[in-house]
Amino acid sequence: MRFLKTSLATLALSGLTTVAALAQETGVAPAPETVPADAAAAVVDAMDKGDVAWMLVSTLLVLFMILPGLGLFYGGLVRAKNMLSVLMQCVTITAVVMIIYVIYGYSFAFGGSTSAFWGGTGKLFLAGITKDTMAATFTKGVVIPEYVFIAFQMTFACITPALIVGAFAERIKFSAVVLFTILWVTIVYFPVAHMVWDANGLIFTGAHAGGVAALDFAGGTVVHINAGIAALVGSFLVGKRTGLGRDNMAPHSMTLTMVGASILWVGWFGFNAGSNLEANGGAALAMINTFTATAGATVAWVLIEAFARGKASMLGAVSGIIAGLVAVTPAAGAVGPIGGILLGAIASAACYFFVAVVKPKFGYDDSLDVFGIHGIGGIVGAIGTGIFASTALGGGGYLDGVTMGSQVYSQVVAVLITVVYSGIVSAILYKIVDAIVGLRPTVEAEREGLDITSHGEAAYHA
């Protein structure tokens with residue numbers, strides 16, 4: 001838990017009246033533009049070009065996860081007549097959230113407010129930030145340009161709402177997707193990001209659990225549980241696909257889905273290892289865990305499917321890949337490689353159960369299993385982080401005075417806060433969007449396919 005200690009020490013040295021934004025997943029705050037004289041005598045900020053280069057690459061890797069990774073992964077899973085609509089949704093969500101993030105999103109999440117729930121308005125339109133403004137890393141006195149930190153955070157804000165669309169793919173208006181995205185990132189994503197990653201955030205400070213901060217290295221709560229719960233709510237409120245249970249709704253291209261999943265895995269190294277903010281041993285730990293946990297989850301899904309169905313499928317293998325990546329996201333910097341394998345395998349089994357058993361039993365139409373994999377995988381990963389972080393299980397250990405029990409309790413409460421907040425507010429936002437523009441296209445438009453009816457073009461001409 002060197003990360004939390006170092007970030008808090010950096011904040012103490014800064015002496016800022018306004019606390020700047022914490023770094024990505026583990027929550028380090030950007031360094032101040034000026035350092036008080038007494039602190040300057042002890043620490044001189046230095047920028048390492050290697051760290052900067054690594055963070056630039058990591059930021060691009062996360063963008064690569066969305067475009068084309070997520071687009072191809074989701075696109076291959078839908079019917080050919082809806083392929084283009086999924087790609088268009090991913091592209092537009094990414095562009096819209098980028099604009100929102102620099103206007104007010106960064107400020108709402110990391111704007112320096114002392115509130116436990118939001119970052120305030122101190123950095124609207126990136127006020128006060130220049131190419132010379134620095135952000136702290138996990139090593140005292142080592143900084144990176146704040147613009148790099150902003151861009152890295154921005155890609156996380158982009159991919160989270162893009163994940164949600166898989167729950168109601170093939171049956172939602174394009175205008176509804178755009179409006180819901182704008183409202184959701186504003187009212188759900190940014191406050192949760194502040195609570196989990198900002199120095200004053202409710203969950204980062206541990207105020208939610210008797211002073212024990214929750215561990216979320218790269219976004220188990222903020223990204224995956226947040227998106228998974230919003231997706232589950234959406235699958236109910238948008239309703240089932242027309243013809244579900246009667247028409248053939250098999251994926252139109254498992255080849256593209258496998259390519260998309262592979263891009264996601266590669267990009268996830270920026271997602272996880274980049275969250276270390278430095279090119280050092282911490283990034284190496286996150287990297288190897290991103291290998292091992294994903295491998296453990298993939299093998300587990302293939303084995304379970306082989307025993308349960310008699311055949312192992314490509315769809316099952318890529319589902320295992322995503323389940324492992326999701327599960328290790330909060331744990332990447334806290335657990336050991338062997339613990340990562342076990343965590344990935346456990347998460348994969350839980351996700352399989354929800355996809356193959358729970359969803360059919362309850363009859364909700366989570367088209368591409370966003371809740372079943374991102375929601376459930378995120379919950380298992382978040383809670384499992386509190387367990388596998390133990391040194392007895394090969395992890396990095398806990399802060400002084402923190403036991404496994406108290407850490408797991410903190411993780412569980414953080415999960416519950418995210419589930420309840422995202423679930424309730426998302427439901428309200430779906431209703432608002434439905435009242436303004438409507439959620440569903442006509443039955444005729446849905447049967448013809450959203451590629452033509454929503455965008456006037458087709459993914460394929462054959």
Side-chain angles (χ1 to χ4, degrees), residues 7 10-11 14-35 45 47 49 51-63 66-67 92-115 117-137 142-162 178 181-201 204 219 222-223 270-271 274-275 277:
S7 62
T10 302
L11 288 171
S14 70
L16 287 177
T17 302
T18 302
V19 179
L22 285 187
Q24 225 293 287
E25 295 45 52
T26 45
V28 80
E33 297 179 34
T34 58
V35 180
D45 288 344
M47 182 182 71
K49 292 182 180 179
D51 293 335
V52 176
W54 168 238
M55 291 308 301
L56 292 171
V57 171
S58 294
T59 301
L60 295 177
L61 283 171
V62 181
L63 177 61
I66 317 170
L67 305 174
T92 306
I93 287 171
T94 302
V96 167
V97 175
M98 284 180 179
I99 294 171
I100 290 173
Y101 201 80
V102 297
I103 293 174
Y104 63 82
Y106 181 61
S107 186
F108 281 12
F110 306 107
S113 167
T114 58
S115 168
F117 303 101
W118 82 304
T121 59
K123 295 194 176 184
L124 291 179
F125 298 93
L126 304 186
I129 300 171
T130 71
K131 65 182 179 64
D132 298 316
T133 308
M134 295 291 131
T137 66
V142 177
V143 295
I144 59 174
E146 191 168 2
Y147 277 140
V148 176
F149 172 74
I150 293 169
F152 186 64
Q153 280 281 355
M154 183 172 66
T155 57
F156 280 71
C158 291
I159 197 172
T160 306
V178 176
T181 295
I182 294 170
L183 295 174
W184 191 83
V185 295
T186 302
I187 303 173
V188 179
Y189 180 85
F190 299 139
V192 174
H194 178 82
M195 286 190 284
V196 175
W197 294 333
D198 189 84
N200 295 302
F204 179 84
V222 182
V223 176
F271 202 86
S275 295
L277 299 182

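Residues S107 and F125 are not in side-chain contact: their nearest non-hydrogen atoms beyond the backbone lie 4.5 Å or more apart. Between F156 and Y101 the shortest side-chain heavy-atom distance does not fall below 4.5 Å. When side chains are defined from C-beta on, M47 does not count as touching V148, because their heavy atoms never get closer than 4.5 Å. Under the 4.5 Å side-chain criterion, counting only non-hydrogen atoms from C-beta, M55 is not in contact with V52.
The backbone N or O of I129 sits less than 3.5 Å from a side-chain atom of Y147, completing a donor-acceptor pair. For D51 (side chain) and V143 (main-chain N/O), no donor-acceptor pair under 3.5 Å exists by modelled atom type. Between the side chain of T137 and the backbone N or O of L277 there is no donor-acceptor pair closer than 3.5 Å. Here the side chain of T160 pairs no donor or acceptor atom with the backbone of A157 at under 3.5 angstrom.
To the nearest 0.5 Å, the span separating CD1 on I150 from OG1 on T59 amounts to 11.0 Å. In this structure, CE in M134 is found 13.5 Å from CZ in F149, a value given to the nearest 0.5 Å. Remark: F108 CZ to D198 CG distance equals 14.0 Å, nearest 0.5 Å. The CD1 atom of I182 sits 10.5 Å away from atom CD1 of I93, with the distance rounded to the nearest 0.5 Å. Separating the OH atom in Y189 from the CD1 atom in I100 is a distance of 12.5 Å, to the nearest 0.5 Å. From F110, atom CZ reaches atom CH2 of W118 across 14.5 Å, with rounding to the nearest 0.5 Å.
Among all heavy-atom pairs drawn from F190 and V185, the shortest one is CD1-O, 2.9 Å. When every heavy atom of S113 is checked against every heavy atom of N200, the shortest pair comes out as O-ND2, 3.2 Å. Closest approach of F152 and S58 over heavy atoms only: CE1-CB, 4.0 Å. Here the closest heavy-atom approach between residue F117 and residue M195 is recorded as CD2-SD, 3.7 Å. C158 approaches M98 most closely through the heavy-atom pair SG-CG, 3.6 Å.
By the side-chain hydrogen bond (donor to acceptor under 3.5 Å, both in side chains) test, T186 pairs with Y104, sequence neighbours left out.
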